[in-house]
Amino acid sequence: MTIPSNSAPPRRRSPWRLAAIGGLVAGVVAGFTAVTATGASAAETLLSQGKPATASSTQAAGAYLASEAVDGNLGTRWSSAASDPQWLQVDLGSTQSITRVELNWETAAAKAFQIQVSNTGNTNDWQSIYSTTTSTGGNQSLTVSGSGRYVRMYGTQRTTGYGYSLWEFKVYGGTTTTDPPPTGGGGSLGANVIVFDPSMSSASIQSQADAIFAQQERDQMGTRRYVLAFKPGTYNGLNIQVGFYTSVIGLGQNPQDVRINGDVTVDAGWMAGNATQNFWRSIENVSLYPVNGDDRWAVSQAAPFRRVDVHGGVNLAPNGYGWASGGYIADSRISGTEGQYSQQQWFTRNSQIGSNSNAVWNQMFVGVQGAPAASYPTPPYTVIGSTPVIREKPYLYQTGGNYAVFVPNLQTNANGPTWVNGNTPGTSLPLTSFYVAKPGDSAATINAALAQGLNLIFQPGVYHVNQTINVTRANTVVMGLGYATIIPDNGVTPMQVADVDGVKVAGILFDAGTTNSANLLVIGPSTSGTSHASNPTTVQDVFFRIGGSIAGKATNSLLVNSNNVIIDHIWAWRADHGNGGTFGWNVNTADSGLIVNGNNVTAYGLFVEHYQKTEVLWNGNGGRTYFLQNEQPYDPPSNAAWRSDGTGYPAYKVADSVSTHEAWGMGSYAFFQNNPAVHSANGFQAPVNGGVKLHNIFTISLASGTIDHVVNNIGAAATADQVVPRTVTTFP
């Protein structure tokens, strides 16, 4: 059905506190328990006193020297020039294990700074082992974990108008145990990759799948992660229900190699038919022959449907046509109808469909054979004939009885699936070329594997990292299985990619730690300037969570500095619900979900929600966005608390300095549940210069709060009394 335009929906998502689920299902494989890397401790040694020290500047020539911060004398200090950034570093003389750093600040302190380590002291060789943006100075004792010859304080924001000033900067170390360095690639994919074989009975497969679903159906903020993997062959009579943190994959070269005569189903019985919280689950690389003609995939965010060959239709709504809120299909074939029904927004890319039915507010098709005619806003179909540049996501499969990862080739001006007329063009990488990380592995071990030239696979599980995972080699594949989740400790940035060609980051959930991180994933350093047009880096099915599970904090989630990056399906979510004490205006703080500084960056399927300032900020030229689903933050206490000028922040802003940019099919919702009097001035903001163009954009109020205009004070107000989209088809 099509939701009538004058029909006010219920709340998009009600705050929901996860109930404890007692008992585990007997007979299923051993459950996953998160393990944090540990280190043995010994007596600490002060490593820095009297060692050579240097600094970015001093307050005055010949005074306030760097050496005066490591001399053990509280009457002397280092002080910098009054500008940002500034740094102070000490040379320990050899590589040491670092366990603690003490900072004794003068009044002129750092509000935002990092503790960084390096083995060489070279500009591009620093790794962060601690980060904060909320320091108030004073005496600080920071427990850290890392190693390096050089240790520095790198300040980016001051507490006063003066420079940075330290009475003492002390670095301590002790004997620590370290994980053994990796000796090569390959190995087990882990106990939570459950592999099925066609020789197994249908009853046995169904029983194992049912047991996992019983655990995962409601476990929205849990720590267990699963992959249900089907070897090539035919499987009969199955209905695989897919719960949280569960991925269903085929292990064939192409989807047709794994035939399931049955269904792979997502429904919303656990929420009485409301599918707006069916997150974090996926299906990939199988062919389905649904029992009753249509498969059901009633999901919302972070639930990709990739490389699926459906011999029938797909119903994207829950049983009874209850609410659902956005999703993603790519590189798939649906011989029947793609049924949108009650899906508020949906994005389909490079696929083939028999037909499409229904629309609510924003349905978009890019490079889709069989797509409906473009007709926005009535019905709200945005249709782009071909995809300008894309590389499909890498995937796990078996060849010759061994595991490998297939990396599809880059395509330009493409439409339809890659595998319909033969094998997907691309390159096969043996599992032996990958380090298979397991929960409990330290960032140091993972970095050592990357330094050996290995690619990286994360087993299903939760990983704590106390230093940045650095991806520095061109064409490296970094791939998570079963929603592998990375949590930064001590405010580090958990992963950074160098400004190199062709890195592939896929299938990872970054969950912000309780100490604020500046970013959760960084692509390229701030000085990036190289063109990567012939071999871009890709970020695919990568998800970010701030709060909900733990009281996480991160200033920004994804930072793209490199040029030509392809972003293909992200969900960046500042939680509006979850475990008690993990969400709230001053609890899970986060400014932005995506900042793009690189040029010629292309984004397909952006889902960015509830951040406290501009949610998507685009600073680079030549950018293109195909589809955005956004909800503005639910919880501003007031307009004054949200933004000092009382106007709120836009969902998507193209910076005033940008001369060329184009975007299609973007929507922003208001649901200001904490104070319905809150309003946002604009859903979108962009410079008016002829080179920046927005197409088919809208705002809507979900019966609480107001968005005054669609873009740049253009477009009618989206108000609580009329739950209907306010549209602008062309800007300017």
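Just so it is clear, the values below take in all heavy atoms, side chains as well, and ignore hydrogens, waters and symmetry mates.
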message: Working note: D197 + S199, criterion side chain to side chain donor-acceptor pair (under 3.5 Å); need CA distance, chi angles, decisive distance, verdict.
response: CA-CA 5 Å; D197 188 282; S199 65; 2.7 Å; yes

task: Please lay out, stage by stage, how Q301 and E609 fare under the test side chain to side chain contact (heavy atoms under 4.5 Å, CB included).
output: CA-CA 10 Å; Q301 288 75 43; E609 301 187 297; 3.8 Å; yes

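- Looking only at distances, no side-chain donor or acceptor of S386 sits under 3.5 Å from a matching main-chain atom of A414.
- Between F458 and Y463, the distance from one ring center to the other falls under 6.0 angstrom.
- For E392 (side chain) and P408 (main-chain N/O), no donor-acceptor pair under 3.5 Å exists by modelled atom type.
- For F305 and W297, the ring centers are positioned less than 6.0 Å apart.
- Outside the 6.0 Å centre-distance limit, the rings of W346 and W361 are not counted as a close aromatic pair.
- Between the side chains of H532 and D499, at least one donor N or O sits under 3.5 Å from an acceptor N or O.
- Checked by atom type and distance alone, the side chain of T387 never pairs as donor or acceptor with a backbone atom of V389 at under 3.5 Å.
- A salt bridge does not link R306 to D331: none of the charged nitrogens lies less than 4.0 Å from a carboxylate oxygen.
- Both tests hold for R225 against Y245: distance to the six-membered ring centre under 6.0 Å, angle to the ring axis within 45°.
- When the ring-ring contact (aromatic ring centres under 6.0 Å, His included) test is applied to Y235, the partners found at least two apart in sequence or on another chain are F230.
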- prompt: Please walk me through it: do Q459 and N192 pass side chain to side chain contact (heavy atoms under 4.5 Å, CB included)?
  reply: CA-CA 8 Å; Q459 292 180 1; N192 282 23; over 6 Å; no

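- Listed for the N561 side chain is a donor-acceptor partner under 3.5 Å among the backbone atoms of G524.
- For the pair D568 and R349, the salt-bridge criterion is met [side-chain N within less than 4.0 Å of a carboxylate O].
- Remark: aromatic rings of Y328 and F627 are distant, center separation not under 6.0 Å.
- Y376 and N362 form no side-chain donor-acceptor contact under 3.5 Å, judged by distance and modelled atom types alone.
- With no hydrogens or angles considered, a side-chain donor-acceptor pair links S325 and Q344 at under 3.5 Å.
- Checked against a 6.0 Å centroid threshold, the rings of H695 and F731 do not count as neighbours.
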message: Using side chain to side chain contact (heavy atoms under 4.5 Å, CB included), reason through L396 and L189 one step at a time and then give a plain yes or no.
response: CA-CA 11 Å; L396 183 73; L189 298 176; 3.7 Å; yes

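- Side-chain N or O atoms of Q216 include one that pairs as donor or acceptor with a backbone N or O of F244 at under 3.5 Å.
- Under a 3.5 Å cut-off, the side chain of N563 and the backbone N or O of T530 do form a donor-acceptor pair.
- Just one residue in the list D263, I283, V258, L238 forms a side-chain contact (heavy atoms from CB on, under 4.5 Å) with L288, and that residue is I283.
- At least one donor-acceptor pair closer than 3.5 Å links the side chain of N599 to the backbone N or O of N621.
- In this structure the side chain of Y626 reaches within 4.5 angstrom of the side chain of M364, judged on heavy atoms.
- When I249, V264, I212 are each tested for a side-chain contact (heavy atoms from CB on, under 4.5 Å) with L228, only one passes: I212.
- Side chain of N455 to backbone of V477: a donor-acceptor contact under 3.5 angstrom is found.
- A donor-acceptor contact shorter than 3.5 Å links the side chain of S300 to the backbone of A275.
- With T537 as the fixed residue, the side-chain contact (heavy atoms from CB on, under 4.5 Å) test singles out one of V500, N475, V503: V503.
- In this structure, W571 and F279 have tilted ring planes: the angle between them lies in the 30° to 60° band.
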